[in-house]
Amino acid sequence: MEALSKENVRLLLTIGFAACAKGKVGQARKLFQNLKIAYPEATPVIVGLAFSHIVVDDFAAGEKLLAEVIDKDEEQDALALLAFSKALQKKEDEVREIAAKILEEHTSAYNLTQQALNLINQ
């Protein structure tokens, strides 16, 4: 079997995230699970799999996956998704604590964290 190029893996990740956003969570999760078999240590794959749990309110499973990434290295996208998960659960103090760790120069993570803060401020 031939390994996928980095570009093809990125494309599959993008498709997985888009599928979750469009309600095709089962298909997206299967895609992320298969990518995790091929790339078990790949942070974006683990974050995608976590996202597939969080979008259906399976916060415990999603946060457990995020912890795998965050424990190794405080990866900004994983932290931002964790903040968003906590915001959906209305855990304001935890959202603020996580948000303090997000660096503004990590634009996508920073923007997601701002959305999480907006959720708890509504």
Side-chain angles (χ1 to χ4, degrees):
M1 184 174 121
E2 189 174 312
L4 293 171
S5 70
K6 285 184 178 183
E7 186 57 35
N8 284 338
V9 172
R10 274 189 224 119
L11 179 59
L12 288 171
L13 287 167
T14 300
I15 290 169
F17 279 101
C20 279
K22 294 290 185 179
K24 304 289 185 187
V25 178
Q27 294 90 334
R29 185 170 303 150
K30 188 67 173 167
L31 174 64
F32 290 130
Q33 288 169 334
N34 287 332
L35 285 170
K36 193 169 190 292
I37 291 167
Y39 307 96
E41 301 296 318
T43 296
V45 172
I46 297 168
V47 171
L49 188 54
F51 183 66
S52 77
H53 286 278
I54 291 167
V55 297
V56 293
D57 297 344
D58 186 1
F59 301 115
E63 290 178 10
K64 181 179 179 188
L65 287 162
L66 291 174
E68 286 179 32
V69 174
I70 294 167
D71 288 347
K72 285 189 285 188
D73 149 30
E74 287 202 347
E75 206 277 331
Q76 296 286 286
D77 290 328
L79 282 168
L81 187 54
L82 180 60
F84 197 75
S85 176
K86 298 296 186 182
L88 291 172
Q89 298 171 71
K90 307 294 185 203
K91 296 181 177 180
E92 184 176 341
D93 292 339
E94 291 179 60
V95 174
R96 292 189 190 289
E97 180 181 322
I98 296 164
K101 298 176 184 178
I102 304 295
L103 305 174
E104 194 169 345
E105 60 264 19
H106 292 277
T107 309
S108 62
Y110 182 80
N111 289 340
L112 181 57
T113 304
Q114 294 308 305
Q115 291 177 10
L117 288 168
N118 287 339
L119 268 178
I120 61 170
N121 290 326
Q122 291 181 358

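Here the closest non-hydrogen pair linking Ala28 and Gly16 is CB-O, 3.3 Å. Taking all atoms of both residues into account, the shortest heavy-atom contact from Ala80 to Ala109 is CB-O, 3.3 Å.
The closest side-chain heavy-atom distance from Phe32 to Phe17 is below 4.5 Å. With contacts defined as side-chain heavy-atom distances shorter than 4.5 Å, the pair Phe84/Thr113 does not qualify. Proximity of Glu63 to Lys86: side-chain heavy atoms (C-beta onward) are separated by under 4.5 Å at one or more points. A heavy-atom distance below 4.5 Å is found between the side chains of Lys72 and Glu41. Here the side chains of Leu81 and Asp77 are not in contact, with every heavy-atom distance at 4.5 Å or above. Contact check for Leu11 versus Ile15: side-chain heavy atoms found under the 4.5 Å cut-off. Within the 4.5 Å cutoff, no side-chain heavy atoms of Pro44 are placed close to those of Val47.
Summarising the geometry, atom CD1 belonging to Ile70 is positioned 11.0 Å from atom CD1 belonging to Ile46; distances are rounded to the nearest 0.5 Å. With values rounded to the nearest 0.5 angstrom, Leu112 atom CG is found 14.0 Å from His106 atom NE2. Note that CZ of Arg10 is 8.0 Å distant from OG of Ser5, once rounded to the nearest 0.5 Å. With rounding to the nearest 0.5 angstrom, the CD atom of Gln33 is 7.0 Å from the OG atom of Ser52. One distance of note links OH of Tyr110 with CD of Glu105; it measures 10.5 Å at 0.5 Å rounding. Residue Gln89 holds its CD atom at 4.0 Å from NZ of Lys91, rounded to the nearest 0.5 Å.
Using a 4.5 Å cut-off between side-chain heavy atoms of Ile, Leu, Val, Met, Phe, Trp and Tyr, with links allowed through other members, Leu82 and Val95 fall into different hydrophobic clusters. Leu117 is not connected to Leu66 by any chain of hydrophobic side-chain contacts under 4.5 Å among Ile, Leu, Val, Met, Phe, Trp and Tyr, and they are in different clusters. Residues Leu103 and Val69 do not share a hydrophobic cluster, clusters being chains of Ile/Leu/Val/Met/Phe/Trp/Tyr side chains in contact below 4.5 Å. Residues Leu31 and Leu49 fall within the same hydrophobic cluster, defined by Ile, Leu, Val, Met, Phe, Trp and Tyr side chains chained together at heavy-atom separations under 4.5 Å. Criterion: ILVMFWY side-chain heavy atoms under 4.5 Å apart, direct or through other members. Under it, Leu65 and Tyr39 are part of a common hydrophobic cluster.
In this model, no donor atom of one side chain and acceptor atom of the other lie less than 3.5 Å apart for Thr43 and Glu75. Using modelled atom types and a 3.5 Å distance limit, the side chains of Glu104 and Gln114 yield no donor-acceptor pair.
Counting non-hydrogen atoms of other residues, nucleotides and ligands closer than 6.0 Å to CG of Asn8 gives a total above 12.
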Apply salt bridge (charged side-chain N to carboxylate O under 4.0 Å, His left out) to the pair Glu92 and Arg96, showing each step before the final yes or no. CA-CA 6 Å; Glu92 184 176 341; Arg96 292 189 190 289; 3.1 Å; yes
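Listed for the Asp58 side chain is no donor-acceptor partner under 3.5 Å among the backbone atoms of Ile54.
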